Amino acid sequence: MKSPLLSLPGAVPAEGADEGVAAHYGDLFREQRALAGGAGFVDLSNRGVVTVTGEDRLSWLHLLLTQHVSELPAHHATEALILSAHGHIEHALYLVDDGTTTWAHVEPGTQETLIAYLESMKFFYRVEVADRTGEFAVVHLPAGSIAEVPAGIVVRETAYGRDLFLPRTELESYAAKNGPAAGLLAYEALRVEHHRPRLGFETDHRTIPHELGWIGSAVHLEKGCYRGQETVARVQNLGKPPRRLVFLHLDGSEVHLPPHGTELRLADDGPDGRKIGFVTTSVRHHELGPIALALVKRNVPLDAPLVADTTAAAQEVVVEP
């Protein structure tokens, strides 16, 4: 769904998973600095929006999600996953309940398969699931923002800022009053700085929550009764995940950033060394320079210098081995 904000001056469309919104509006670092300082907003209107209504909604979602939501207080933000039977991550939901409706935004294009799964699990529960993507756009206000939120708008507030579920018909007027707009590249740079994983970027078909540090923030260890829970409990109690998320400082002299999927090797092993992981997201940060998130094998030494193709990379621990 193409955002009307792509008509703003300087807007350059994003590509790939974030197609439909702006990558930037002409000055990436200015946009990052604005967000870091609590100014501006980010157009996330390409994200899917799903609602669940009905008196059983929270108790029903509690049975399906990795998060404890049966007693979720109104207006309290949380996040949750849906796992496969083998514990692999299939969906990531960013949730808030307004007292009558549970709202979630999800990765672009994933709402249809999510809704199909939810519909298949309704059984006798008094719930209604709806795709609201065509009606509502997600707009992100950074932490520290003093921008006014229109009355009646559902807000999901976290330590990283506020996500607004804004009627699409109000998107252009809101942007005119609350600029400057910042693009997805600025938003992603701050996400990487804060070590926050993203479905489809830091995940592949075999990722389990422990590898990304999603235990606690998105997975509640004191609840059961959800698909994949056995794997979560077994790894938590008896073992270690096979991979771990790391933060990388990349060689700033390189012109190009290593793209998603770039193989990582130990620098001492040279270009023909064995693959020990891969880059998941790489960005240019206004203060830190080129940085990235990556998944590496758990037994990779914590102080080992790495190389992403030909780019040198120094690692920082995100998930303990």
Side-chain angles (χ1 to χ4, degrees), residues 14 16-18 35 42 44 46-48 65-67 77-84 86-95 104-110 114 138 140 142-143 156 158-161 163 184-221 228 231-232 235-236 240-250 257-262 264 276-283 285 288 290-298 300 306 308 313 315-321:
D18 286 317
L35 289 182
V42 184
L44 300 179
N46 60 331
R47 293 185 66 80
L65 305 180
T66 57
Q67 188 58 274
T78 192
E79 56 189 75
L81 309 175
I82 290 178
L83 307 179
S84 73
H86 299 291
H88 301 136
I89 300 169
E90 293 189 346
H91 293 281
L93 296 80
Y94 299 86
L95 301 157
H105 65 78
V106 298
E107 287 298 325
T110 65
L114 170 62
V138 179
H140 175 76
R156 181 179 177 273
T158 74
Y160 303 104
D163 297 335
L184 254 295
L185 292 180
Y187 179 82
E188 286 288 278
L190 300 186
R191 177 180 72 82
V192 171
E193 177 192 7
H194 294 132
H195 307 163
R196 297 167 56 204
R198 183 177 173 189
L199 183 77
F201 288 69
E202 279 63 57
T203 68
D204 57 21
H205 67 284
R206 59 192 180 95
T207 305
I208 60 175
H210 310 70
E211 296 177 324
L212 303 184
W214 253 329
I215 300 298
S217 61
V219 179
H220 197 290
L221 292 176
T231 297
V232 170
V235 174
Q236 185 69 22
K240 295 283 188 178
R243 303 176 296 182
R244 57 185 177 87
L245 187 69
V246 296
F247 177 79
L248 300 179
H249 290 275
L250 302 173
L257 290 172
H260 173 85
T262 300
L264 285 169
I276 53 89
F278 64 95
V279 173
T280 59
T281 305
S282 59
V283 296
H285 191 275
L288 301 176
I291 56 177
L293 293 175
L295 272 178
V296 301
K297 293 182 178 180
R298 180 172 57 86
V300 171
L306 308 178
Q315 58 171 317
E316 289 184 8
V317 175
V318 175
V319 174
E320 292 289 340

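All values derive from a computational prediction rather than experimental measurement.
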Inset, instruction - Given salt bridge (Lys or Arg N to Asp or Glu O under 4.0 Å), test Glu107 with Arg47 step by step and report yes or no. - result: CA-CA 5 Å; Glu107 287 298 325; Arg47 293 185 66 80; 3.1 Å; yes

Would you name the heavy atoms of [X] and [Y] that are closest together and state the gap between them?
{"X": "Ala294", "Y": "Thr280", "value": "N-OG1, 3.6 Å"}
{"X": "Gly87", "Y": "Ile208", "value": "O-CG2, 3.5 Å"}
{"X": "Leu257", "Y": "Pro290", "value": "CD2-CB, 3.7 Å"}
{"X": "Ala143", "Y": "Ala159", "value": "CB-O, 3.6 Å"}
{"X": "Pro241", "Y": "Val235", "value": "N-CG1, 3.8 Å"}
{"X": "Val319", "Y": "Gly213", "value": "CG2-N, 3.4 Å"}

Rounded to the nearest 0.5 Å, how far apart are [atom1] of [X] and [atom2] of [Y]?
{"X": "Glu90", "Y": "Thr110", "atom1": "CD", "atom2": "OG1", "value": "11.5 Å"}
{"X": "Arg206", "Y": "Ser84", "atom1": "CZ", "atom2": "OG", "value": "13.0 Å"}
{"X": "Leu184", "Y": "Asp18", "atom1": "CG", "atom2": "CG", "value": "4.0 Å"}
{"X": "Glu202", "Y": "Glu211", "atom1": "CD", "atom2": "CD", "value": "12.0 Å"}

Inset, instruction - Would you check if the side chain of Arg298 reaches a backbone N or O of Pro242 as a donor-acceptor pair within less than 3.5 Å? - result: no

Inset, instruction - Would you check if the side chain of Arg156 reaches a backbone N or O of Leu95 as a donor-acceptor pair within less than 3.5 Å? - result: yes

For the residue pair [X] and [Y], establish whether any side-chain heavy-atom pair is separated by less than 4.5 Å.
{"X": "Gln315", "Y": "Val300", "result": "yes"}
{"X": "Leu248", "Y": "Leu293", "result": "no"}
{"X": "Arg244", "Y": "Glu320", "result": "no"}
{"X": "Leu250", "Y": "Ile291", "result": "no"}
{"X": "Val192", "Y": "Phe247", "result": "yes"}
{"X": "Leu44", "Y": "His105", "result": "no"}
{"X": "Leu264", "Y": "Leu295", "result": "no"}

Legend entry - Test applied, side-chain contact (heavy atoms from CB on, under 4.5 Å); reference residue, Val232; option that passes from Leu221, Leu81, Thr66: Leu221

Inset, instruction - Please determine which of Val219, Leu83, Asp204, Ile82 meets the side-chain contact (heavy atoms from CB on, under 4.5 Å) test together with Ile89. - result: Leu83

Legend entry - Residues which pass salt bridge (charged side-chain N to carboxylate O under 4.0 Å, His left out) with Glu188, listed by chain and number, not counting sequence neighbours: Arg191, Arg198

Inset, instruction - Indicate the ring-plane relationship of His86 and His88, choosing parallel, tilted or perpendicular according to the 30° and 60° boundaries. - result: tilted

Inset, instruction - Take the angle between the ring planes of Phe201 and His260 and call it parallel below 30°, perpendicular above 60°, tilted in between. - result: perpendicular

Inset, instruction - Would you tell me whether Glu193 and His285 have side-chain atoms, one donor and one acceptor, within less than 3.5 Å of each other? - result: yes

Inset, instruction - Please assess Leu190 against Val283 for the test side-chain contact (heavy atoms from CB on, under 4.5 Å), listing each intermediate value before the final yes or no. - result: CA-CA 9 Å; Leu190 300 186; Val283 296; over 6 Å; no

Legend entry - Distance under 6.0 Å and angle within 45° of ring axis: Arg196 vs Tyr160: yes

Inset, instruction - Dump the intermediate steps for side-chain contact (heavy atoms from CB on, under 4.5 Å) on Gln67 and Trp214, then the final yes or no. - result: CA-CA 10 Å; Gln67 188 58 274; Trp214 253 329; over 6 Å; no

Legend entry - Residues that His140 engages under side chain to side chain donor-acceptor pair (under 3.5 Å), provided they are two or more places apart: Asp163

